[in-house]
Amino acid sequence: MSDALDRLAESHGIQLAYISELGERHIIDDTAKTALLRVLGVDPEQGPAGSFDEAADAPSQSCYLPKFPEAGAWGIACQLYSLRSGRSLGIGDFEDLARLAEIGGPEGASFVGVNPLHALFLSDPGRFSPYAPSSRRFLNPFYIAIDQLDGGPEAIEALRRSEPERFEDLDGELVDYPKMGALKTALLQAIFRQRFEAIRQDEGFVAFCAGGDEGLRDFALFEALSADMMTREGHYSGWHTWPDEFKDRGGDAVRAFAAENEEAILFHSWLQYQAEEQLAAAQARAVAAGMSIGLYLDFAVGVSPDGADTWAAPELTIRDARIGSPPDMFNSSGQDWGIAPLSPKGLAEHGFAPLREAVEALMRNAGAVRIDHAMGLARLWWIPTGVDAHGGGYVRFPLGRTVDVVAETSQANQCIVIGEDLGTVPPGFRHTMGEAKILSYRLLYFERHGETGFLMPEAYPEIALACISTHDLPTLRGWWKGTDMQLRADTGRQDAEATERTWDERRRDRRALVLALKEAGLLPEAFDRIASGEDSMPPEVPTSMVDAIHRFIARTRSRLVAVQLDDMIGAERQPNLPGTTDEYPNWRIRSIVPLEALPTHERFRSLAAAMRQERPNADGNA
């Protein structure tokens with residue numbers, strides 16, 4: 001091992017070793033250090049030393065944190081695309097979001113949390129992972145509720161009369177992104193053409209464009225180019241496949257395209273205006289429905305390497321690396337998320353404005369924001385091109401500056417910040433988050449003492465959001481039945497021996513949870529014999545047990561508790577199975593209960609009542 005290489009790597013923010021989630025120390029080998037230095041544009045043999053100073057890397061600001069009711073608050077979490085209603089067109093939309101808030105508010109919920117709403121690729125609906133956005137500053141137009149637009153109902157009716165087949169089979173178990181995308185794009189284009197002059201003269205739209213700086217025009221120009229490229233043979237929505245002359249935002253070819261396609265650019269700007277207006281209205285309606293927080297939006301950890309953000313400002317991202325995670329107890333080979341990391345140097349040279357702008361874009365229409373993989377504020381696992389995830393290493397970011405940017409924006413917008421801190425967490429990171437009033441993210445499945453027992457409610461931290469599961473993990477019903485383990489076996493993610501071992505662990509975990517509920521005085525009477533070992537576990541988790549488990553999490557000290565809508569309606573399938581692509585319908589599964597049926601849905605109302613009793617609102621009403 002070369003001391004000179006180590007000093008050079010450390011000076012550029014490359015972490016030489018890290019502690020795993022199991023407390024084991026892992027050292028990055030010289031090959032990884034060399035590759036990471038090259039990714040950073042540094043010659044490993046004679047490159048100049050960097051200026052990373054970990055000692056001076058402490059935040060000085062703290063996030064907005066309101067006064068909560070004594071028992072804390074609770075809310076509903078869902079995937080927006082999954083919502084179903086009689087009026088939406090194959091995918092949940094902003095009107096569905098507002099109506100869910102108007103259902104949840106009177107039930108005592110203080111917020112509705114959703115998946116990232118970032119812009120994807122309008123010209124390619126098949127790129128639908130919400131965690132691989134084209135841009136984190138802008139919104140996904142497929143969430144626009146078309147029937148709420150001026151001229152929207154008429155456009156829908158006209159197309160339904162002329163091409164009724166386009167509306168068929170939209171209400172299936174899965175989102176049909178290509179069909180939905182083609183339909184909604186056609187409708188949006190028809191409305192834009194029909195109302196073109198009125199749109200151009202709309203004072204609100206004119207002000208929106210004027211206040212959008214170059215970022216809005218860059219994004220709209222990218223979208224127009226992306227749509228044009230999709231019509232050309234051999235080219236796709238992402239800019240990596242485009243002719244070289246169109247890869248340069250400031251080049252002559254791009255300027256000429258912009259001059260010839262002003263109407264297309266205006267169309268994509270208008271889509272952002274409408275999406276922003278509808279999201280803001282959803283937040284206002286959530287608050288009007290009695291929600292003290294309203295919308296709780298998700299902030300992805302990075303962007304697609306070939307999307308709008310990387311095209312408009314290539315100096316801000318690292319071209320020759322992807323973000324992922326090191327090997328851990330769940331993924332022995334590590335994970336490659338396929339998204340581009342921000343450049344620490346580029347961020348610093350721009351005064352961290354790109355991070356501030358992306359966070360601000362969410363916070364202005366939300367009462368809370370969840371930062372996915374919040375450890376990215378401090379460091380990210382970079383995987384250099386040409387190697388697998390295990391060949392990567394951690395590259396540090398100036399934690400003091402990144403947290404201060406988030407905190408300042410949080411205070412300006414009076415927006416709560418939750419940091420998803422699961423997985424390999426750096427030593428001291430959670431303490432820093434707590435000092436900055438960033439809520440930790442605690443899952444019942446993972447909160448244990450020793451190898452078996454579940455932590456009791458009083459052991460949870462106060463500055464935290466507690467929940468049972470998340471989008472990457474099984475629903476409560478699926479966990480009880482072991483659906484996730486069977487899925488991993490069926491998709492080749494684990495062998496028969498590992499499957500049998502995890503089944504044994506799950507049987508043990510179910511009994512441990514029953515015993516924890518008994519200790520907390522929450523075990524349903526019907527489970528007394530099961531707790532004593534006299535009776536076996538039921539194959540399905542009964543409603544009484546679902547309510548009891550949620551009462552358990554509601555009694556934690558954590559300020560916030562999120563309840564999955566899937567658990568409120570008894571869904572079994574989880575939204576995403578990490579490590580899969582086509583083997584599982586990730587990000588496509590729709591709700592098994594339409595919005596119209598929620599207010600009278602027995603299981604939904606039972607669980608809402610349990611949460612309302614455990615966490616009454618600020619007036620003490622249950």
Side-chain angles (χ1 to χ4, degrees), residues 19-24 68 71-75 77 113 296 325 328-331 370-375 418-434 438-480 482 484-485 502 505-523 531 541 545-564 566-567 574 578 607 610-611 614-615:
I19 306 298
S20 75
E21 80 284 1
L22 297 177
E24 301 168 337
F68 291 99
W74 71 279
Y296 158 28
S325 63
D328 59 28
M329 61 189 293
F330 297 104
N331 297 276
R370 171 190 179 272
I371 299 177
D372 185 51
H373 194 72
M375 290 80 73
I418 299 105
E420 188 262 294
D421 52 351
L422 306 176
T424 306
V425 183
F429 179 75
R430 280 178 166 161
H431 173 77
T432 299
M433 287 208 340
I438 297 176
L439 276 65
S440 183
Y441 191 73
R442 299 303 176 98
L443 296 186
L444 172 74
Y445 293 159
F446 297 161
E447 293 300 299
R448 311 292 189 93
H449 58 78
E451 294 185 3
T452 56
F454 285 86
L455 288 180
M456 298 304 289
E458 58 269 19
Y460 280 63
E462 183 180 356
I463 306 297
L465 176 144
C467 50
I468 290 172
S469 186
T470 185
H471 56 262
D472 286 336
L473 295 167
T475 64
L476 186 52
R477 183 183 177 196
W479 181 86
W480 190 272
D484 56 319
M485 296 178 292
T502 52
E505 292 171 355
R506 185 61 52 83
R507 284 188 281 265
R508 181 198 67 194
D509 289 346
R510 287 190 308 187
R511 185 162 298 281
L513 184 54
V514 166
L515 293 175
L517 292 176
K518 184 175 179 63
E519 184 178 347
L522 288 168
L523 190 67
V541 57
M545 193 65 166
V546 172
D547 289 356
I549 294 169
H550 281 86
R551 286 182 184 274
F552 181 90
I553 204 77
R555 292 185 184 182
T556 64
R557 298 171 60 241
S558 301
R559 298 279 184 95
L560 297 180
V561 167
V563 180
Q564 300 289 328
D566 282 344
D567 289 335
Q574 63 195 73
L607 188 45
M611 295 302 297
E614 297 293 336
R615 293 193 164 218

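- Under the rule for a side-chain hydrogen bond (donor to acceptor under 3.5 Å, both in side chains), the partners of T470 that lie at least two apart in sequence or sit in another chain are Y441.
- Taking CD of E420 as the reference point, atom CG of L439 lies at 13.5 Å (rounded to 0.5 Å).
- You'll find the side chain of P474 reaches within 4.5 Å of the side chain of Y445, heavy atoms only.
- The two residues D484 and G478 have their closest heavy-atom pair at OD1-O, 3.9 Å.
- Of all heavy-atom pairs spanning I418 and S440, the tightest one is CG2-O, 4.3 Å.
- For the atom pair CD (Q564) and CG (L473), the distance works out to 9.5 Å, reported to the nearest 0.5 Å.
- Looking only at side-chain heavy atoms (C-beta outward), M375 and V425 come within less than 4.5 Å of each other.
- For F454, there are no ring pair (Phe, Tyr, Trp, His ring centres under 6.0 Å) partners two or more places apart in sequence or in a different chain.
- Distance check, rounded to the nearest 0.5 Å: CG of L513 to CG of L444 gives 6.0 Å.
- The pair D372-R370 counts as a salt bridge, with a side-chain nitrogen and a carboxylate oxygen less than 4.0 angstrom apart.
- T556 contributes no side-chain N or O that, together with a main-chain N or O of F552, makes up a donor-acceptor pair within less than 3.5 Å.
- Closest of all the heavy-atom pairs between I19 and P427 is CG1-CG, 4.3 Å.
- Each salt bridge (Lys or Arg N to Asp or Glu O under 4.0 Å) pair with one or both residues in residues 422-431, not counting sequence neighbours, appears once here: D421-R430.
- Under the 4.0 Å criterion applied to side-chain N and carboxylate O atoms, R477 and D566 are not assigned as salt-bridge partners.
- Between the CD1 atom of I553 and the CH2 atom of W74 there is a distance of 14.5 Å, given to the nearest 0.5 Å.
- Side-chain contact between E614 and M611: absent, with no pair of heavy atoms (C-beta onward) separated by less than 4.5 Å.
- Evaluation of the side-chain hydrogen bond (donor to acceptor under 3.5 Å, both in side chains) rule for T475 yields no partner, not counting sequence neighbours.
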> Under the side-chain contact (heavy atoms from CB on, under 4.5 Å) criterion, do V563 and L607 qualify, and how do the steps go?
Replying inline: CA-CA 9 Å; V563 180; L607 188 45; 3.9 Å; yes
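- When side chains are defined from C-beta on, L517 does not count as touching R551, because their heavy atoms never get closer than 4.5 Å.
- In terms of the side-chain hydrogen bond (donor to acceptor under 3.5 Å, both in side chains) criterion, Y296 has no residue partners (sequence neighbours excluded).
- For the pair R510 and V541, the minimum side-chain heavy-atom distance is 4.5 Å or more.
- Atom OG in S558 sits 8.0 Å away from atom CD in E447 (nearest 0.5 Å).
- For the pair R615 (side chain) and A73 (backbone), a donor-acceptor distance under 3.5 Å is present.
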> Is there a side-chain contact (heavy atoms from CB on, under 4.5 Å) between I468 and L443 once you walk through the steps?
Replying inline: CA-CA 5 Å; I468 290 172; L443 296 186; over 6 Å; no
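- To the nearest 0.5 angstrom, R557 atom CZ is 11.0 Å from R442 atom CZ.
- Remark: the backbone N or O of L22 is paired with a side-chain donor or acceptor of S20 at under 3.5 angstrom.
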In residues 455-465, what donor-acceptor pairs under 3.5 Å come from side-chain atoms, sequence neighbours left out?
unit_1: E462; atom_1: OE2; unit_2: R559; atom_2: NE; d: 3.0
unit_1: E462; atom_1: OE2; unit_2: R559; atom_2: NH2; d: 3.1

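- Of all heavy-atom pairs between I438 and G419, the closest is CG2-N, 3.5 Å.
- Contact annotation: the side chain of F68 approaches that of L560 to within less than 4.5 Å [non-hydrogen atoms, C-beta and beyond].
- Applying the 6.0 Å contact sphere to NE2 of H449 captures more than 12 heavy atoms from other residues, nucleotides or ligands.
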